[in-house]
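In this text the structure is predicted, and so the values were computed from the model without any measurement. Every chain is numbered from 1, with letters handed out A, B, ... down the list of sequences.
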Amino acid sequence: MATPVRVRFAPSPTGMLHIGGLRTALYNYLFAKHHGGEFVLRIEDTDQNRYVEDAESDITKSIQWAGLDYSEGPDRPGAFGPYRQSERSAIYKQYADQLIENDYAYFAFDTTEEIEEMRSRLEKSGNPSPKYDAITRMSMKNSLTLPKDEVERRLASGDPYVIRLKVPRRETVRFFDEIRGFVSFETQGLDDQVLMKSDGLPTYHLANVVDDHLMEITHVIRGEEWLSSAPKHILLYNYLGWEPPKMAHLPLIMSPAGGKLSKRNAESLGIPVNVRDYVTKQYEPQAVVNFLAFLGWNPGDNREVMSLDELVESFSLDRVVKSGSIFNFNKLTWYNEQYLRSRSEASILEQVKPDFEAAGCSISSQEFGETVIRLIKDRASLITDFVAEAGYFFNAPESYDEKTVAKAWKADSTPALIIEFAEILQSSADFSAEHLKHEAHSFLEAKGLGFGKLGLPLRLAITGKGAGPDLFEVIALIGKEETAKRIQKALETL
RNA sequence: GCCGCGUUCGUCUAGGGGCCUAGGACACCGCCCUUUCACGGCGGCGACACGGGUUCAAAUCCCGUACGCGGUACCA
């Protein structure tokens with residue numbers, strides 16, 4: 001039997017979850033579920049300085065909002081916990097020591113200033129990218145250059161130190177990326193990565209390798225920004241005597257302005273970068289998921305709208321594209337409309353009720369409410385559009401759209417026409433939309449007038465607007481009495 | 001600078017030597033439906049970055065150039 005697939009989403013709690021992070025989580029989830037495996041959440045909080053208090057709960061809430069259930073995580077204990085790196089410190093130390101023992105890593109005592117000094121010295125002498133590496137390490141203060149007894153003395157006296165990876169001078173590191181194929185790096189270009197920081201915590205590089213191994217992660221699916229450090233991780237797996245997991249580096253999501261989708265780069269274009277914003281704006285989670293899935297992947301046929309289950313069913317890494325994709329906000333909107341339209345009136349009504357009440361639109365009956373939803377549905381992009389548009393179903397218009405007034409309300413002819421039709425409405429025993437529509441047509445036919453002569457000003461009187469759902473549906477819904485009142489009001493105002 | 005990755009309509013993408021006069025979706029435009037605005041239907045506009053090869057044949061393979069993105073921290 002093949003090894004069960006285990007993947008992880010390993011965000012750092014340095015802020016609200018980024019929309020690109022959600023896509024990474026999604027691809028991990030889809031891959032895991034497709035293979036009947038486990039999706040694990042691991043919090044990579046090894047950087048004390050960048051730690052943000054509410055970030056972790058935002059991350060868990062956001063991925064749950066999207067419907068991506070993880071079976072193990074900080075709030076869902078499993079066999080491989082703890083799932084916060086800050087709670088695993090002791091583990092990393094052990095492996096760092098093992099590396100040192102085997103001469104794959106060493107202690108370094110250089111201060112930040114000393115490293116800076118080395119860099120600027122080398123830069124001056126013509127080295128464009130000075131690194132702490134196989135060459136420079138020999139002129140720095142570390143356990144490779146200092147006498148053994150001094151190293152021991154410094155360690156014993158509590159001198160601050162870091163542990164660095166001893167990257168070989170010239171070696172080729174080659175690995176297979178599930179999305180890009182073979183990728184190779186020369187170790188010359190790598191620096192002696194810090195593995196343990198002076199605060200005693202590991203860096204991402206050590207921690208993710210140790211945890212992925214210990215947590216039996218089979219596939220590392222992460223953003224392309226990690227591709228460059230992947231060779232260091234491969235080296236680490238080798239030095240620790242472990243088999244590296246399969247790797248897949250996802251193309252990045254970019255801003256229409258170019259560059260990565262950062263707050264600065266995208267929000268001025270109206271594209272929120274935090275998942276939280278989409279939650280707040282009440283996007284349909286499924287729409288966001290569907291959109292994100294298609295940003296860098298497609299099923300290979302012409303399907304566009306797919307449920308999470310369908311995505312799971314169709315997902316595979318070999319259909320993930322290699323190039324970065326620009327966030328197409330219009331398409332997200334379109335997806336949201338698709339999902340909105342597929343929802344029942346009752347479910348939308350339930351969600352939107354509190355906002356209606358808050359806006360002074362009290363829903364007299366379930367039927368009334370659902371009809372309002374039905375009439376607005378095809379015109380809504382976001383669920384918040386319902387409240388924004390529904391005012392006239394509940395209250396007489398406070399004002400009348402000026403353009404439409406200028407265009408359709410002719411002082412010499414309109415009022416008389418409206419008054420005449422209003423009488424027909426009032427005497428109509430059948431107040432259904434269908435019947436009213438019929439009445440209007442025969443009324444106009446008798447007069448030899450086009451519908452616009454009556455329809456537009458009447459709409460204006462009833463809704464205050466120049467466009468909207470079927471006028472007779474609106475009139476039938478608000479009722480005979482209210483219709484009469486609004487016509488009267490319009491006649492007095494306009 | 002160096003290292004790595006990438007490059008098909010404005011955008012998301014299909015395409016893995018002949019099926020491509022390059023397909024779909026969003027956006028845009030037009031027509032139809034229609035009392036308006038939408039929805040929906042139909043149609044249009046619109047792309048293989050450039051230059052060399054390889055081949056009977058290249059969007060598809062190879063090389064180079066350009067451009068874009070990422071990395072180059074005691075950040076992830």
ask   = Taking the side chain of A/F185 as heavy atoms from C-beta outward, which of B/rA14, B/rC3, B/rC75 is closest to it?
value = B/rC3
ask   = Looking at the side chain of A/N302, which of B/rG24, B/rC5, B/rC26 is the nearest nucleotide?
value = B/rG24
task = Please report, rounded to the nearest Å, how far the C1' atom of B/rA73 is from the CG atom of A/D191.
result = 8 Å
ask   = When you measure from the side chain of A/R379 to the backbone N and O of A/L375, does any donor-acceptor pair fall under 3.5 Å?
value = yes
Between B/rG18 and B/rA25 - P atom distance, rounded Å = 24 Å
request  = Give the nucleotide from the list B/rC74, B/rA76, B/rA38 with an atom nearest to the side chain of A/S198.
outcome  = B/rC74
inquiry  = Distance check, P atoms only: B/rU8 and B/rG44, in whole angstrom units.
reply    = 24 Å
inquiry  = Given B/rU13, B/rG6, B/rG1, identify the nucleotide with an atom nearest to the side chain of A/N298.
reply    = B/rU13
request  = Provide, to the nearest angstrom, the distance between the CH2 atom belonging to A/W226 and the C1' atom belonging to B/rG6.
outcome  = 20 Å
inquiry  = If the glycosidic angle sits within 90 degrees of zero it is syn, else anti. Tell me which applies to B/rC39.
reply    = syn
ask   = Given atom NZ of A/K331 and atom C1' of B/rC9, what is their separation to the nearest angstrom?
value = 12 Å
ask   = So, do A/Y27 and A/W297 have ring centers that fall under 6.0 Å from each other?
value = no
ask   = Centroid-to-centroid, A/H441 to A/F451, below 6.0 Å?
value = yes
inquiry  = Among A/Y237, A/Y204, A/Y239, exactly one meets side-chain contact (heavy atoms from CB on, under 4.5 Å) together with A/V209. Which residue is that?
reply    = A/Y237
